[in-house]
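Worksheet: one structure, shown below.
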Amino acid sequence: MARHLITSALPYINGIKHLGNMVGSMLPADVYSRYLRQRGHDVLYICATDEHGTPAELAAKEAGLSVADFCAQAHDAQKAVYDGFALAFDYFGRSSSQQNVEITQHFARRLNENGFIEERAIRQVYSPTDGRFLPDRYVEGTCPHCGYDKARGDQCENCTRVLDPTDLINPRSAISGSTDLEVRETKHLFLLQSKLQHEVEEWVARHEAEWPQLASSIARKWLTEGLHDRAITRDLDWGVPVPADTWPELAAEGKVFYVWFDAPIEYIGATKEWADEDPSTRDWKSWWYESDETVRYTEFMAKDNVPFHTVMFPATELGVREPWKKVDYVKAFNWLTYYGGKFSTSQKRGVFTDQALEILPADYWRYFLIANAPESDDSSFTWEHFTATVNKDLADTLGNFVNRVLSFSRKRFGDDVPEGGTPGEAEAKLGEEIARLLAEYETQMEALQFRKAAAALRALWSAGNSYLEEKAPWLEIKTDKDAAALTLRTAMNLIHLYSVVSEPFIPATSAAMRQAFALKDDTATWISEAEAKSLTSVPAGTPFTVPPVLFAKLTDEDLETYKERFGGTAE
């Protein structure tokens, strides 16, 4: 079986993420990782918190903490939420780790040796009051385009215009609030991406046909516009330090690498963090170095991260002139909106992941988000859509099927899977249909088409309901007890099948369904075509229990409560 390296976009450290962040990277990566593991592949799923950059420093200042303490606490808080969503990372690291520092500095040295880094003098805002140069986001003021008085020096969040700090009206320091600002000359390191343009183009050309159109079109757009040399250092107190053995003057000034330079390298750094926990059995380098023939690397991210992962980070890897693994497949997502408007971390608009878990268990959210993943275009979260999906697919189609089959069988036949009856035409027809739908589900999962995979899974659940309605064991029991036993036993086998194949989407519910049956040596990780057709994995006489209600139906009162708390519109 293949070795699969999987990464999802690193969640930024400043605050709990919203549902759009979850469905745009981490959750689909988890679903895919779980599926591949079930199919017997060797999988390594790596993620981490992205902890450098000006927002981390500003958030720490607002919280009254050192940046190191703030990031440590925020990392633990985010990890707790991801555990609540049952994200099965092999390792969830931190970009502030020593491993990332060492590998980032190694990359920088190699790029410099190969002629792809240049030291340049630039003019930058300086605050005498703060005694430091101010990165773009440390300068605030009034936007010259829309008049928003809290625009940052890199962009106005209100009108989204890209800005330079000198564009702002009445600029001030975001640290002290001082308006006593000057423009002085300072030196920074630039990555000469322009010299790598043709190499990146050739690399993208070899891969883009396989990528989703969203990923390939974004990469091609950036390449068509041309790669520009980019400053990769900043004047911050928190970040990967510029190594003094290569750039002593900049190191003495306290320069650190730009967050977008070190963050993608953290995928490698986090893998080394994982390996360093158990170096006798884990080899981090075999996943990343000289691994083109042995590892398939898949990245998951929202569309705003695509340029960095399809153009900028590959440029860095190419310039290092070492055989580091580059991405094979980029699964890019559009936006999940909230009633058609943007989720916003800064403006607290929309549902955030910790709030979601306060309301309902993770499987409700996991299924809804993947079944409505913004793959081909943006998709909108509304409470009406969420409630309807939960009630129809989870409560009625799956939950009600499990409950009525097991409850009715226990009432009429006791606590063991009933004996009697010989499978006939209806069971053969059902087996063929289940095998066909399972093959469709596998095809869509292999293709990373999550909405289509969810539709195939939903169809599998629906097939059980159709069989039950056709056979009507509540009527069969009146005239042919063996026929009713056969129907219920077949339906119980469907429940076991559902417990296995639904696990990537709804792991907790899948575990509850599987645990309903006291099967000896139940080590099934997947269902073969033959098993799908025969539906005999749970034999007569197997003890079973009726689990609690798998999914509670949401009421109109619930809907109104959610809308009142979070708002029923985008604004």
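- Although no hydrogens or angles enter the test, the distance criterion places a donor-acceptor pair under 3.5 Å between the side chain of Thr353 and the main chain of Lys17.
- With 3.5 Å as the limit, one finds a donor-acceptor pair spanning the side chains of His188 and Gln124.
- Between the side chain of Asp76 and the backbone N or O of Gln73 there is no donor-acceptor pair closer than 3.5 Å.
- Counting only N and O atoms by type, the side chains of His106 and Glu322 include a donor and acceptor under 3.5 Å apart.
- A donor and an acceptor atom, one from each side chain of Tyr12 and Glu51, are nowhere located under 3.5 Å apart.
- The ring-ring contact (aromatic ring centres under 6.0 Å, His included) test with His75 is passed by exactly one of Phe92, Phe70, Tyr82: Phe92.
- Ser286 has its side chain within reach of Arg3: a pair of non-hydrogen atoms, C-beta onward, lies under 4.5 Å apart.
- For the residue pair Tyr45/Ser8, the side-chain donor-acceptor check at 3.5 Å is satisfied.
- Partners of Tyr138 under the ring-ring contact (aromatic ring centres under 6.0 Å, His included) rule, at least two apart in sequence or in another chain, do not exist in this structure.
- Asp278 and Thr281 share a side-chain donor-acceptor pair at under 3.5 Å.
- At least one test fails for Arg366 against the ring of Phe505: distance under 6.0 Å to the centre or angle within 45° of the axis.
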Evaluate the salt bridge (charged side-chain N to carboxylate O under 4.0 Å, His left out) criterion for residues Asp90 and Arg37: first the C-alpha distance (whole Å), next the side-chain angles of each, then the deciding distance (0.1 Å), finally the verdict.
-> CA-CA 12 Å; Asp90 287 286; Arg37 291 190 191 104; 2.8 Å; yes
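- Because its NZ or CZ atom is not both nearer than 6.0 Å to the ring centre of Tyr267 and within 45° of the ring axis, Lys325 does not count as a cation-pi partner of that residue.
- There is no side-chain donor-acceptor pair under 3.5 Å between Ser95 and Asn100.
- In Lys326, the NZ atom is crowded: over 12 heavy atoms of neighbouring residues, nucleotides or ligands sit closer than 6.0 Å.
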Please test Trp260 against Tyr258 for side-chain contact (heavy atoms from CB on, under 4.5 Å), starting from the C-alpha separation and ending with a verdict.
-> CA-CA 5 Å; Trp260 265 114; Tyr258 176 42; 3.4 Å; yes
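- Between Lys303 and Asp378, the closest side-chain pair of non-hydrogen atoms falls below 4.5 Å.
- The shortest distance between side-chain heavy atoms of Thr179 and Asn170 does not fall below 4.5 Å.
- Defined by atom type and a distance below 3.5 Å, a donor-acceptor pair is present between the side-chain atoms of Glu273 and Ser97.
- Using a cutoff of 4.0 Å between basic side-chain nitrogens and carboxylate oxygens, Glu208 and Arg220 are scored as salt-bridged.
- When each of Phe107, Trp287, Trp288 is checked for a ring-ring contact (aromatic ring centres under 6.0 Å, His included) with Trp324, only Phe107 meets the rule.
- Other residues, nucleotides and ligands contribute over 12 non-hydrogen atoms within 6.0 Å of the NE2 atom of His145.
- Residues Asp262 and His52 have side chains that bring a donor and an acceptor to within less than 3.5 angstrom of each other.
- Across every non-hydrogen atom of Asn158 and Cys146, the tightest pair is ND2-SG, 3.3 Å.
- Under the 30°/60° scheme for interplanar angles, the aromatic rings of His4 and Tyr32 are found to stand perpendicular.
- Residues Asp235 and Lys255 come closest through the heavy atom pair OD1-NZ, 2.6 Å.
- Residue-environment remark: CD (Glu225) exceeds the threshold of 12 foreign heavy atoms within 6.0 Å.
- Here the side chains of Leu163 and Asp154 are not in contact, with every heavy-atom distance at 4.5 Å or above.
- In this structure a side-chain-to-backbone donor-acceptor pair under 3.5 Å is missing from Asp69 to Ser66.
- Taking the ring centre of Phe333 as origin, the terminal cationic atom of Lys331 falls inside the region bounded by 6.0 Å and 45° from the ring axis.
- The shortest side-chain heavy-atom distance between Ile6 and Ile46 does not fall under the 4.5 Å cut-off.
- Side-chain atoms of Tyr126 do not come within 3.5 Å of backbone N or O of Thr186 as any donor-acceptor pair.
- With hydrogens and angles ignored, the 3.5 Å screen pairs no side-chain donor or acceptor of Asp30 with any backbone N or O of Met26.
- Asp136 places no side-chain N or O within 3.5 Å of a backbone atom of Pro165 that could act as its donor or acceptor partner.
- Minimum heavy-atom separation, Phe313 to His309: CB-CA, 4.5 Å.
- Looking at heavy atoms from C-beta onward, Pro243 lies in side-chain contact with Arg109 at the 4.5 angstrom threshold.
- Residues Arg234 and Glu57 are not paired through a salt bridge, judged by the lack of any N-O separation under 4.0 Å between the basic side chain and the carboxylate.
- Minimum interatomic distance between Gly319 and Phe116 (heavy atoms only, all atoms of both residues): O-CD1, 3.5 Å.
- Between the Gln193 side chain and the Arg230 main chain, no donor and acceptor come within less than 3.5 Å of each other.
- Glu62 CD: 12 or fewer foreign heavy atoms inside a 6.0 Å radius.
- The backbone N or O of Trp274 lies less than 3.5 Å from a partner atom in the side chain of Arg282, making a donor-acceptor pair.
- Judged by the 6.0 Å and 45° rule, Lys285 forms a cation-pi pair with Tyr289.
- Under the 3.5 Å distance criterion, the side-chain polar atoms of Gln105 are matched with a main-chain donor or acceptor of Pro241.
- Separation of atoms OG1 (Thr142) and OH (Tyr148) is listed at 10.5 Å; rounding is to 0.5 Å.
- When side chains are defined from C-beta on, Thr104 counts as touching Phe261, because their heavy atoms get closer than 4.5 Å.
- Side chain to side chain, Glu442 and Trp526 meet the donor-acceptor criterion of an N or O pair below 3.5 Å.
- Of the charged side-chain nitrogens involved, at least one lies within less than 4.0 Å of a carboxylate oxygen, so that Arg132 and Asp237 count as a salt-bridged pair.
- In this structure, the separation between OG on Ser216 and NZ on Lys221 is 14.0 Å, given to the nearest 0.5 Å.
- With sequence neighbours excluded, no residue satisfies salt bridge (Lys or Arg N to Asp or Glu O under 4.0 Å) with Glu290.
- The two residues Trp203 and Thr310 have their closest heavy-atom pair at CZ3-O, 3.4 Å.
- The shortest non-hydrogen separation linking Glu375 to Arg451 is OE1-N, 3.0 Å.
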Apply side-chain contact (heavy atoms from CB on, under 4.5 Å) to the pair Thr7 and Tyr297, showing each step before the final yes or no.
-> CA-CA 8 Å; Thr7 63; Tyr297 177 20; 2.9 Å; yes
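- Note that OG1 of Thr246 and CZ of Arg110 are 12.0 Å apart. Values are rounded to the nearest 0.5 Å.
- At a threshold of 4.5 Å between non-hydrogen side-chain atoms, the residues Pro28 and Ile370 count as touching.
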Tell me, with the steps shown, if Asp130 and Ser173 meet side-chain hydrogen bond (donor to acceptor under 3.5 Å, both in side chains).
-> CA-CA 8 Å; Asp130 299 308; Ser173 165; 2.6 Å; yes
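- Between the side chain of Glu185 and the backbone N or O of Ala121, no donor-acceptor pair lies under 3.5 Å.
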